[in-house]
Amino acid sequence: MAGRTRIMRAREWAYPVPPVRREVLSAQPEADEGRPPVLFVPGFGHGAWAFAEFWLGHTAARGFPAYAMSLRGHGASGSAPHTTLRAYVHDVVQVAAGLPRQAVLVGHGAGALVVAKALARYPARAGVLAAPVLGGFGSFAAALWRNPLGTIPAVFGGPLRLGRRQLFSRELPAETARQYTSRLGRAAPLAQWQLLAHRPAEAPVGAPPVLVVGSPDDRVVSVSTLQRTAARYGGAPLLFPGMGHDLMLDARWREPIDAILDWLEKAFAATERSPLIGYERLDDLLPPVRPADPGAWVA
Amino acid sequence: MSETISPPSLWRDGRPVYDRGGTVCVIGAGASGLAAIKNLKEHGFGVDCYERETGVGGAWNWRHDRSPVYASTHLISSKPLTQYPDFPMPDTWPDYPHHSQLLSYLERYADHFDLRSHIWFGTEVVRVEPVEGGRWDVTTRGARGGAERTQRYAAVVVANGHNWWPKTPAYEGQEQFRGEVVHASAYSDPAQLRGRKVLVVGAGNTGCDLAVEAAQQAAKCWHSTRRGYWYTPKYVMGRPADQVNDLTLALRLPLRLRQWLFHRVLRMTVGDLSRFGLPRPDHKVYETHPIVNSQLIYYLGHGRITPVPDVARFTRTGVELTDGSTIDPDLVLLATGYLPRFEFLAPEILNLDADGRPRLHMHTFSRTHPTIAVAGLLQPDSGLFTLVHWQTVAIARWLRLRESDPQRAAAFWNAVASSPDRRWTQAKVKDSTRHWFEVGHTVYLRALQKTLDELEVAA
């Protein structure tokens, strides 16, 4: 992905983002197999609960330490009515850097935009953009067309509302869908406006592999958007037909998360045999405790 | 275990040399060395790091004999201007964390990015010698002795720090002085001051901290400074002072205007320091390394610190000052700074002058040897970690570019080899060993941004 890394960050130095209490839920695998932790970042209106339903436990069951967070003003995180995208990015980087090992960032919806920006500030092991809402006037026009009643209030600082039929497929029982939508909150008005116009995400630091997943039947993000987003990261999207926007809550939630975890397993298997290293790593040959004299262990 | 390592095929002076292929050697696992390991790793290099102490953290690890920190050391730059740009300090930490938090930050950094598996602890680098093909023979041995061992590396990043070799002035008559003379590096605990008559020499940040500690603990405290300085409080206008200062930098206000503003703010908050008996500064603000201390003025106001001029000579029972007066301390603390040391390298490689000052391109790249670089040899007006992060990214990109695009690499190298020395500060700083590596973080980072863009490897 193009775009150089800007190292002059005057605003971040002069006006650091104010701290806030953050909700982080986690599920740990039974045995630590040394796999990287996976951090789920929900989109606007959603909280950590959206991942706690299914994906968190499933990810842990497959051997990855799993974490889900709520951006400020969402879920059980501290309130932040006047916040911006920058603060959301700060929240993600703070949580990621607080994990014991280098993490994989998984962002959903507008949370994918937050993750895309966080990837430029934290060298993640990998990035996953699920049904990414990267904003811009195109997606605004599409939202206005598909969901005028939910979108117009947001123009005036009201909440951006997504309908049941946009978020979920018909496979999900209406009662369950209603329960989920009743739990939705809202993002700060400034952050919602920033979806329209914001500086595009800088290139990720540390060149992590990035995967885009989505559904051709998503009524928030179109297939062409998915393809364009994936192409920016040099790939093609993984598509799950018949699912709504909320991949993690829809009836067939298992398919996308399994695909993501399969991809992660494959990506890490590849880097472990990276030709760039090309040399047996010294530490593979050594006992965990080193003798003080490096000469001592070579006969 | 040993059979998996191929027998050495190279020899040097009758001793075997183990070839480490394209691996890069990093010397030191302090803040700079850790950033070097991480960023080299991120650019696909194999890395071996040698650390003579038994843990990471370098200067910030108070367990190390050579660590300069004392019990009360706190940061003097606030969090956003101190942390690595890609690994922020926790929001729950204060604006100016304690040194023990810094150590735990560095330890977490090492664990988070799995850096420890690259580090040979308790291993000292004895010699680093260039060999043909731009490669390096690095000879190491256990820090407590043991057999030497030589390995050949593709490149070397020197990150051995510059705050561990005390710069100790020699005063006339010092040997007959009956009191104790100690360099600040040997000071760690305020109990060392309790009930004593203490003279603190030097107005660096350490000197001012020690004067404050002595004001709190000692029976009497003199603070000797050579000239008048500008003492910046940790907070101005309700915010960390460096963040306010960075606002004026972000707005790209001209230096003169910033100096005027800074003088105004200091006059309104701290006031005229000559009232306390301190000499007036003989220079404008920004022309010496910033001193950040809110408490020094406070204790001067309480009369707990007596400012005195420079030390002229020691006598048997006391110290004679340049104004002719004498004082009778029983403990003299020399907060006179540190000097860089590169004992393992031939002086011409880093272009060391007679005083031992290296002359490097951007304080980083050797002008004669393309595959050796120094990380963290900077004295910024902010925290170091941000700078050393991008500095080591530049080193990693440079080493990558040499492999992937020799033509562009050659162009960059020509520019490095012929580059003149320049200063990386807006104001012209006073000539002193303390300002050898003085950089303004914005000036330096803007230049680094240019270098990084030049070195960007097209994907």
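Keep in mind that what you see is a predicted model, and the values were worked out from it rather than measured. So that the names make sense, note that chain A is the first sequence line, chain B the second, and so on, each numbered from 1.
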**Item:** Rounded distance (nearest 0.5 Å) linking atom CG of D86(B) with atom CG of L119(A)
**Value:** 12.5 Å

**Message:** Quick check on R11(A): does its CZ atom have over 12 non-hydrogen neighbours (other residues, nucleotides or ligands) under 6.0 Å away?
**Reply:** no

**Complete:** Of N39(B), T386(B), N245(B), D246(B), the largest count of non-hydrogen pairs under 4.5 angstrom with chain A goes to D246(B)

**Asked** In residues 442-454 of chain B, which residues are in contact with chain A at a heavy-atom separation under 4.5 Å?
**Response** T442(B), L445(B), R446(B), L448(B), Q449(B), L452(B), D453(B)

**Contacts of residues 19-31 of chain A with chain B (heavy atom under 4.5 Å)** = P19(A), V20(A), R22(A)

**Message:** Quick check on the interface: out of M8(A), R9(A), R6(A), who has the most heavy-atom pairs with chain B under 4.5 Å?
**Reply:** M8(A)

**Asked** Considering only heavy atoms, which portion of P123(A) lies under 4.5 Å from any heavy atom of chain B: side chain, backbone, both, or neither?
**Response** both

**Request:** Look at A97(A), P18(A), A10(A) and state which one has the largest set of heavy-atom pairs under 4.5 Å with chain B.
**Result:** A97(A)

**Request:** With a 4.5 angstrom heavy-atom cut-off, could you sort out which part of A120(A) is near chain B: side chain, backbone, both or neither?
**Result:** neither

**Message:** To the closest 0.5 Å, what do you measure between CD1 (I7(A)) and CD (Q391(B))?
**Reply:** 10.5 Å

**Asked** Which pair of non-hydrogen atoms, one from T5(A) and one from R397(B), has the smallest distance, and what is that distance?
**Response** OG1-NH2, 4.3 Å

**Message:** Are there residues of residues 236-243 of chain B whose heavy atoms fall under 4.5 Å of chain A's heavy atoms? If so, which?
**Reply:** R239(B), Q243(B)

**Message:** What part of E12(A) gets within 4.5 angstrom of chain B, counting heavy atoms only: side chain, backbone, both, or neither?
**Reply:** backbone

**Set of side-chain hydrogen bond (donor to acceptor under 3.5 Å, both in side chains) partners for T248(B), sequence neighbours left out** = R258(B)

**Message:** Please identify, among E42(B), H389(B), H112(B), the residue contributing the most non-hydrogen atom pairs under 4.5 Å to chain A.
**Reply:** H112(B)

**Asked** Looking at CZ of F87(B) and CD of Q102(A), how far apart are the two atoms once the value is rounded to the nearest 0.5 Å?
**Response** 9.5 Å

**Prompt:** For K38(B), is it the side chain, the backbone, both, or neither that has a heavy atom closer than 4.5 Å to a heavy atom of chain A?
**Reply:** side chain

**Prompt:** Under a 4.5 Å cut-off applied to non-hydrogen side-chain atoms, are W13(A) and S382(B) in contact?
**Reply:** no

